[in-house]
Structures are given as C-alpha cells and as structure tokens.
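So the structure is just underneath, and the comments pick up after that.
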Amino acid sequence: MGGWAIAVHGGAGVDPNLPLERQEEAKQLLTRCLNLGISALNSNLPAIDVVELVVRELETDPLFNSGRGSALTEKGTVEMEASIMDGPKRRCGAVSGLTTVKNPISLARLVMDKSPHSYLAFSGAEEFARQQGVEVVDNEYFITPDNVGMLKLAKEANTILFDYRIPTSGYETCGSGVESPLQMNGLPISVYAPETVGCVVVDREGRCAAATSTGGLMNKMTGRIGDSPLIGAGTYACDVCGVSCTGEGEAIIRWLAREVAAVMEYKGLKLQEAVDFVIKHRLDEGMAGLIAVSNAGEVAYGFNCNGMFRGCATENGFMEVGIWE
C-alpha cells in the first residue's frame with residue numbers, strides 16, 4: 001500500500017478572464033475541502049465516507065456548480081444530479097432531477113446503501129429522499145443572484161452557458177461574439193466553460209472511491225441528464241483506481257471514467273499514463289478533465305481545455321491546488 005491520496009475538482013474549462021479574486025476564492029475552497037479530507041483520512045475514515053464528506057462541503061458552498069448555486073434550467077429552476085462509487089465491490093448509487101434535496105451526493109449514497117437499485121431520478125428520487133429523512137429545502141435555496149444573471153445572459157445569447165461565474169462585464173470575450181464556436185454533440189455552442197465538483201480517494205487500506213455532483217448546464221433543457229450521475233462515464237471506482245470527470249458531458253458520457261481503469265487493467269499503464277492516454281485519445285474533440293487516484297496511493301489529473309479547478313494531496317506530504325496548466 002502506498003498510503004492515502006485524495007483529489008478534488010471544481011470543474012474543467014475556466015474563463016481566462018475570471019477575476020483574480022474569484023480565482024482566489026476557488027483556491028481557498030479547494031484547500032478547505034482538501035484539508036477536510038486529509039483530516040478524515042488521518043482518522044482512518046474509509047474512502048467512501050471521505051468522498052461523500054468532501055463533496056457535501058462542495059455542494060454546500062455556492063461557488064461551484066453543485067448543490068447550492070447550481071446552474072439553472074431554461075425554466076429558471078434547478079435539477080441536480082450526483083453519483084458515488086465504492087471501489088472494492090464496485091457498489092454505486094446515482095440520482096438525477098433533484099429539486100429539493102440539499103445534498104444530492106448523500107442521497108446517491110443512500111440509493112447505494114439503502115435501496116435495491118443503483119439509480120433513481122426525478123419524482124422517484126425525491127420520494128425516496130423523504131422516505132429516508134434527508135434534509136430538503138425549497139428550490140429557491142439553490143438559486144443565487146449570479147445564476148439568475150447568467151441565465152438572463154444565456155437567454156439573450158440564445159445558447160447554453162456552462163460557467164455561471166463568467167463575469168457579466170467583458171462577456172463579449174467569452175460569449176456569442178467568439179468566432180468559430182465550439183460544438184457540443186455536433187451542434188455549435190457559444191460558450192465553453194463547464195463545471196462539476198468531484199472527489200476521489202484511496203485510503204490506507206488501498207480502497208478507492210469516487211463521487212461527483214453537479215447542477216448541469218445553465219439554460220439546459222428540463223430533463224437533461226449529463227455524465228455526472230452515470231457510472232463509468234462521469235464517475236468510476238474499482239480495485240485499481242477511482243475517477244471523477246468534469247467537462248462536456250455529451251463527450252464524457254461515452255464511458256470516459258471507466259476508460260482510465262480499463263487501460264490500467266488491460267494495457268498495464270500507470271495512473272498518470274492512463275489519464276494522459278484517455279484525455280488525448282478518448283474525448284473525440286470534446287473538452288474535459290478528470291482527477292484520479294490509484295490503489296498504490298498515486299494521484300493524477302488531466303484536462304484538454306484551458307484550465308481545471310483542482311487540488312490533490314498524498315500521505316507523504318505532497319499537496320497542490322491549482323487552476324491553470
């Protein structure tokens with residue numbers, strides 16, 4: 001065993017004009033979450049408990065797009081999704097279409113632990129939440145002034161916005177005025193700066209776990225489901241590694257997370273080699289990033305866009321928090 005390791009992310013694809021104060025806020029939040037996870041791992045909390053604990057913290061803070069502060073649908077509401085996976089027996093739980101559950105990642109954990117199923121969505125997931133007695137709030141709890149403003153911009157630009165932190169001033173540098181717009185699922189988009197939160201952990205026993213949570217896309221169609229709640233796509237954990245993805249869901253949905261484990265298992269690649277291979281060869285012009293840990297205590301990340309909010313730490317004292325390459 002190589003000791004514990006942990007990584008967190010707050011989304012890949014960062015507006016290059018993001019104000020410095022927002023960058024610093026993001027780094028502080030990532031550092032706080034890393035320290036929370038480090039403390040739990042030093043107390044010998046299992047990996048599955050640590051990823052839930054850290055993602056709950058990310059969901060509670062409105063800075064990133066999950067839980068409170070989630071992106072808004074075209075109707076101005078919030079529909080959240082999350083998934084969690086325990087590597088040793090590949091147990092998993094996922095939820096989509098949540099509108100009142102304060103911490104979607106914990107409901108995903110309950111689906112894994114307390115239901116006969118792996119995935120519940122919309123009214124069924126909400127009903128299960130009430131049966132389990134989890135904390136629920138009005139949908140307005142999740143809606144922030146920033147997101148209301150970004151939805152207005154999205155509707156004016158007649159596009160999907162991925163990053164609710166894009167500043168309203170200087171929007172022309174990252175909005176509909178950009179030449180040669182990127183594509184999502186074959187259709188042109190004007191803004192690319194997706195967000196999701198996630199955490200991957202390997203504990204001292206070599207057990208890997210992963211968790212991912214998101215509010216999805218700003219101005220998305222109601223009922224849209226991305227990669228984050230899909231096991232093997234946005235989230236995956238097994239005996240070998242744990243992976244959480246972020247970015248263009250319509251590209252990640254093609255089983256990106258599982259690919260990292262597959263090339264480790266079948267090609268014999270080391271963790272960082274596997275991450276690099278998947279980012280380079282498996283995104284098919286999509287833009288994304290991911291964080292990963294291995295059962296040997298390694299930690300790795302990769303992305304093919306201009307930045308990813310991330311932080312990682314290992315038991316031997318290494319710790320890093322960053323945004324850009």
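All figures in this text were calculated on a predicted structure; none of them were measured in a lab. FYI, side chains are in, hydrogens and waters are out, and symmetry mates aren't considered; it's all heavy atoms of this structure.
Note: Cys245 SG to Ile252 CD1 = 5.5 Å, rounded to the nearest 0.5 Å. Note that OG of Ser70 is 11.5 Å distant from CG of Leu217, once rounded to the nearest 0.5 Å. Expressed to the nearest 0.5 Å, how far CG of Leu20 lies from CG of Asn17 amounts to 10.5 Å. How far CG of Leu110 is from CD1 of Ile105: 11.0 Å, rounded to the nearest 0.5 Å. Atoms OG1 and CG, from Thr60 and Leu29 in turn, are 10.0 Å apart once rounded to the nearest 0.5 Å. A distance of 12.0 Å separates CD1 of Ile231 from CZ of Arg91, quoted to the nearest 0.5 Å.
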Passes side-chain contact (heavy atoms from CB on, under 4.5 Å), Arg204 versus Glu315? Steps please.
-> CA-CA 9 Å; Arg204 285 172 173 158; Glu315 190 168 7; 2.8 Å; yes
Between Leu72 and Met218, does a side-chain contact (heavy atoms from CB on, under 4.5 Å) hold up when you go through it step by step?
-> CA-CA 5 Å; Leu72 306 182; Met218 185 67 71; 3.9 Å; yes
Residues Glu79, Phe122; criterion side-chain contact (heavy atoms from CB on, under 4.5 Å); working and verdict = CA-CA 8 Å; Glu79 291 181 356; Phe122 295 93; 3.9 Å; yes
Would you sort out whether Thr99 and Glu126 count as a side chain to side chain donor-acceptor pair (under 3.5 Å), showing the intermediate values?
-> CA-CA 8 Å; Thr99 60; Glu126 293 279 344; 3.3 Å; yes
Show your reasoning for whether side-chain contact (heavy atoms from CB on, under 4.5 Å) applies to Ile48 and Val51.
-> CA-CA 5 Å; Ile48 190 67; Val51 294; 4.3 Å; yes
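A distance-only check finds a donor-acceptor pair linking the side chain of Ser294 to the backbone of Ala296 [under 3.5 Å]. Although no hydrogens or angles enter the test, the distance criterion places no donor-acceptor pair under 3.5 Å between the side chain of Asn306 and the main chain of Trp324. The closest donor-acceptor contact from the side chain of Asp276 to the backbone of Gly302 lies at 3.5 Å or more, if one exists at all. Side-chain atoms of Arg254 come within 3.5 Å of backbone atoms of Glu250 as a donor-acceptor pair (strictly under, hydrogens ignored). With hydrogens and angles disregarded, a donor-acceptor distance shorter than 3.5 Å links the side chain of Gln23 to the backbone of Leu18. In this structure a side-chain-to-backbone donor-acceptor pair under 3.5 Å is missing from Asp203 to Leu41. No donor-acceptor distance shorter than 3.5 angstrom exists from the side chain of Arg310 to the backbone of Ala7, with no hydrogens or angles considered. With Glu81 contributing its side chain and Gly226 its backbone, the two residues share a donor-acceptor pair below 3.5 Å. A donor-acceptor pair is defined here as one N or O able to donate and one able to accept, closer than 3.5 Å; no such pair exists between the side chain of Ser39 and the backbone of Asn35. Asn295 places no side-chain N or O within 3.5 Å of a backbone atom of Cys238 that could act as its donor or acceptor partner.
Both the sub-6.0 Å distance and the 45° axial angle are not jointly satisfied by Arg282 relative to the ring of Phe277.
Of all heavy-atom pairs spanning Leu34 and Ala313, the tightest one is CD2-N, 4.2 Å. Closest non-hydrogen pair, Ala274 versus Met264, comes out as CB-CG, 3.5 Å. In terms of heavy atoms, Val275 sits closest to Ala292 at CG2-CB, 4.0 Å. Pairing each heavy atom of Ala12 with each of Ala288, the nearest pair is CB-C, 4.2 Å. Of all non-hydrogen atoms in Asn147 and Ala71, the two that sit nearest each other are ND2-N, 3.9 Å. Residue Phe64 comes nearest to Gly10 through the heavy atom pair CD2-O, 3.4 Å, listed as atom of the first residue, atom of the second, then distance.
Using a cut-off of 4.0 Å between Lys/Arg side-chain N and Asp/Glu carboxylate O, Asp86 and Arg207 are scored as not salt-bridged. Look at Arg224 and Glu74 and you find no salt bridge, because none of the NZ, NE, NH1 or NH2 atoms lies under 4.0 Å from a carboxylate O. Using a 4.0 Å cut-off between charged side-chain N and carboxylate O, Arg22 and Glu25 make a salt bridge. Note on Glu57 versus Arg32: salt bridge recorded, some NZ/NE/NH1/NH2 to OD/OE distance being below 4.0 Å. A salt bridge links Asp113 with Arg109: at least one charged nitrogen is closer than 4.0 Å to a carboxylate oxygen. A salt bridge links Arg258 and Glu265; the closest N-O separation between the charged side-chain nitrogens and carboxylate oxygens is under 4.0 Å.
Cluster annotation: Val8 and Val293 are assigned to distinct hydrophobic clusters (Ile/Leu/Val/Met/Phe/Trp/Tyr, side-chain heavy-atom contacts under 4.5 Å, transitive). In terms of hydrophobic clustering, with Ile, Leu, Val, Met, Phe, Trp and Tyr side chains grouped at heavy-atom distances under 4.5 Å, Ile291 and Ile279 are assigned to different clusters. Hydrophobic clustering (side-chain heavy atoms under 4.5 Å, transitive across Ile, Leu, Val, Met, Phe, Trp, Tyr) keeps Met85 apart from Met112. Ile225 is not connected to Leu107 by any chain of hydrophobic side-chain contacts under 4.5 Å among Ile, Leu, Val, Met, Phe, Trp and Tyr, and they are in different clusters. Under the 4.5 Å side-chain heavy-atom criterion for Ile, Leu, Val, Met, Phe, Trp and Tyr, Ile6 and Val202 are members of distinct hydrophobic clusters.
Partner of His9 under the side-chain contact (heavy atoms from CB on, under 4.5 Å) criterion, chosen from Leu290, Thr246, Leu30: Thr246. Considering Leu98, Thr214, Ile84 as possible partners of Pro104, the one that fulfils the side-chain contact (heavy atoms from CB on, under 4.5 Å) test is Leu98.
A donor-acceptor contact under 3.5 angstrom links the side chains of Asn316 and Thr314, judged on distance only. Side-chain contact of Tyr119 with Ser96: a donor-acceptor pair under 3.5 Å is present, judged by distance alone. The closest side-chain donor-acceptor pair between Thr235 and Ser83 falls under 3.5 angstrom. A side-chain donor-acceptor contact under 3.5 Å links Ser244 and Thr212. Using a 3.5 Å distance cut-off with no hydrogens or angles, the side chains of Arg130 and Thr100 do pair a donor with an acceptor.
Residues Val137 and Phe142 form a side-chain contact, since some pair of their non-hydrogen atoms from C-beta on lies under 4.5 Å apart. Between Met80 and Ser213, the closest side-chain pair of non-hydrogen atoms is not below 4.5 Å. The shortest side-chain heavy-atom distance between Tyr236 and Leu256 does not fall under the 4.5 Å cut-off. Inter-residue side-chain proximity for Lys155 and Asn219 is flagged as met; some heavy-atom pair is nearer than 4.5 Å. By the 4.5 Å heavy-atom criterion applied to side chains, Thr31 and Met319 are counted as neighbours.
When hydrophobic side chains of Ile, Leu, Val, Met, Phe, Trp and Tyr are connected at separations under 4.5 Å, Leu36 ends up clustered with Leu53.
Aromatic ring orientation, Tyr301 versus Phe303: parallel (interplanar angle below 30°, classes split at 30° and 60°).
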